[in-house]
K.L.:
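I have a structure I would like to understand better, so I am pasting it below and will then ask my questions one at a time.
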Amino acid sequence: RWKQWLHLAFPSATVQVENIAQGGSPSAVILGGIGLYNFSGVDLILVDTLVNDAHNENKMLSAGSEKWRDWDGNLTISVAFEELLRSLNQLAPKSALLALEAGCPR
């Protein structure tokens, strides 16, 4: 649907959509492999990690393990997300970067 909408919105443009999403990947995992992709010629990068980041945080906090007692999940995930956006900006400086944040119930 996204590609179809782009064709309708920009009929004279060449539209190519490449979905490199990986299910279940929080920001830190995506960040670890982001350098493997070639972003030359990319006009728009959409980033949506909220559900996976929230799930990752809930999984760690509900583990009940003593080793996670002092773990600040919000800070860790926020830092990974910010670093992901900063890295994408460096790898694709001419690309528009759109970070989506939909609601995610706990």
K.L.:
Starting at CD of Gln16, measure out to CG of Asp43 and round the result to the nearest 0.5 Å.
P.N.:
10.5 Å
K.L.:
Applying side-chain contact (heavy atoms from CB on, under 4.5 Å), name anything that partners Val42, two or more places apart in sequence or on another chain.
P.N.:
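Listed in chain order: Phe39, Ile45, Ser95.
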K.L.:
Taking only residues two or more places apart in sequence or in another chain, which ones pass side chain to side chain donor-acceptor pair (under 3.5 Å) with Asn19?
P.N.:
none
K.L.:
Report the hydrophobic cluster partners of Trp2, with the cluster defined as I, L, V, M, F, W, Y residues connected by side-chain heavy atoms closer than 4.5 angstrom, directly or transitively.
P.N.:
Trp5, Leu6, Phe10, Val15, Val17, Leu44, Leu46, Leu98, Leu100
K.L.:
Quick check: are there more than 12 heavy atoms from other residues, nucleotides or ligands sitting under 6.0 Å from CG of Asn89?
P.N.:
yes
K.L.:
Identify, with sequence neighbours excluded, every residue that meets side chain to side chain donor-acceptor pair (under 3.5 Å) alongside Thr14.
P.N.:
none
K.L.:
Out of curiosity, Glu82 CD to Ser27 OG, how far, rounded to the nearest 0.5 Å?
P.N.:
11.0 Å
K.L.:
So which heavy atom on Ala80 is nearest to which on Ala28, and how close?
P.N.:
CB-N, 3.9 Å
K.L.:
If I take atom CD from residue Glu83 and atom CD from residue Gln90, how far apart are they, to the nearest 0.5 angstrom?
P.N.:
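CD of Gln90 is found 7.5 Å from CD of Glu83.
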K.L.:
Linking I/L/V/M/F/W/Y whenever any side-chain heavy atoms sit under 4.5 Å apart, do Ile34 and Leu97 land together?
P.N.:
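Per the 4.5 Å side-chain linkage, Ile34 and Leu97 are co-clustered.
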K.L.:
Got Ser87 and Leu31 here, is their nearest side-chain heavy-atom distance under 4.5 Å?
P.N.:
yes
K.L.:
Report yes or no: do Leu91 and Ile30 belong to one cluster of Ile/Leu/Val/Met/Phe/Trp/Tyr joined by side chain heavy-atom distances under 4.5 Å?
P.N.:
yes
